[in-house]
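Okay, structure first, notes after.
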Amino acid sequence: MGIDPNYRQNRQVVGEHEGHKIYGPIGPPGKLGIHGTIVGVDFDLCIADGSCINACPVNVFQWFDTPSHPASEKKADPINEKSCIFCMACVNVCPVAAIDVKPP
Ligand code: SF4
């Protein structure tokens, strides 16, 4: 199962990181929640495939190291979500459906 497309309503904001919100629950290092509001990445699903980073035409993502997370030791962090042009390339290439994009 992929990211909950209604996470913005269903989850609580528990913090901020690199200018975007973090939606919980979190419990580092094993549980990291969802990063971003315009471009949401479920860090607990992300396997660091990297397709989204390669696909994004406006460099929304940057690797973020997450040592000891069970799914992968780095995540595609939407540090530049405000630049998103809603092409949906990242959503379409993610092998684990960890990304949800929604215009503000
Ligand atoms: S929808 Fe397109 S522009 Fe937005 S983050 Fe994904 S790949 Fe980048």
Side-chain angles (χ1 to χ4, degrees):
M1 208 174 77
I3 186 172
D4 174 7
N6 298 313
Y7 76 87
R8 299 167 188 83
Q9 290 78 42
N10 293 342
R11 292 182 176 221
Q12 306 258 329
V13 174
V14 295
E16 291 219 358
H17 179 241
E18 298 279 359
H20 58 256
K21 290 176 179 163
I22 303 171
Y23 295 79
I26 61 170
K31 188 142 186 65
L32 299 173
I34 296 176
H35 278 232
T37 303
I38 302 168
V39 179
V41 179
D42 192 327
F43 274 21
D44 294 310
L45 298 178
C46 177
I47 58 170
D49 173 81
S51 295
C52 59
I53 290 181
N54 293 332
C56 183
V58 292
N59 297 318
V60 162
F61 305 99
Q62 177 176 284
W63 287 121
F64 175 62
D65 288 332
T66 57
S68 301
H69 188 272
S72 58
E73 300 219 324
K74 60 181 180 177
K75 308 295 177 182
D77 199 13
I79 58 154
N80 206 12
E81 66 171 4
K82 291 178 182 70
S83 296
C84 179
I85 57 170
F86 312 110
C87 71
M88 300 299 165
C90 59
V91 173
N92 292 330
V93 295
C94 180
V96 292
I99 307 175
D100 188 76
V101 172
K102 195 169 183 185

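All ligand and atom numbering here is 1-based and tracks the order in the structure. Along the sequence shown, residues carry numbers from 1. For clarity, every value in this text was computed on a predicted model and none was experimentally measured.
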Is Gln12 atom CD crowded by more than 12 heavy atoms from other residues, nucleotides or ligands, each under 6.0 Å away?
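It does not: Gln12 CD has 12 such atoms or fewer within range.
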
Taking [Y]'s backbone N and O only, do any of them form a donor-acceptor pair with [X]'s side chain (distance below 3.5 Å, no angle check)?
X	Y	result
Asp44	Leu32	yes
Thr37	Arg8	no
Glu73	Ser68	yes

Report, in ascending order of atom number, the atoms of ligand 1 lying under 4.0 Å from any heavy atom of Phe61.
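Selected atoms, number and element: 5 (S).
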
Within-4.5 Å side-chain heavy-atom neighbours: Lys75 and His35:
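Not in contact.
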
Less than 2.8 Å away from atom 4 (Fe) of ligand 1, how many protein N/O/S atoms can be counted, ignoring water?
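Counting protein N, O and S atoms closer than 2.8 Å to atom 4 (Fe) of ligand 1 gives 1.
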
Through direct or indirect side-chain contacts below 4.5 angstrom among Ile, Leu, Val, Met, Phe, Trp and Tyr, which residues connect to Val96?
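Traced through the cluster, Val96 reaches Ile47.
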
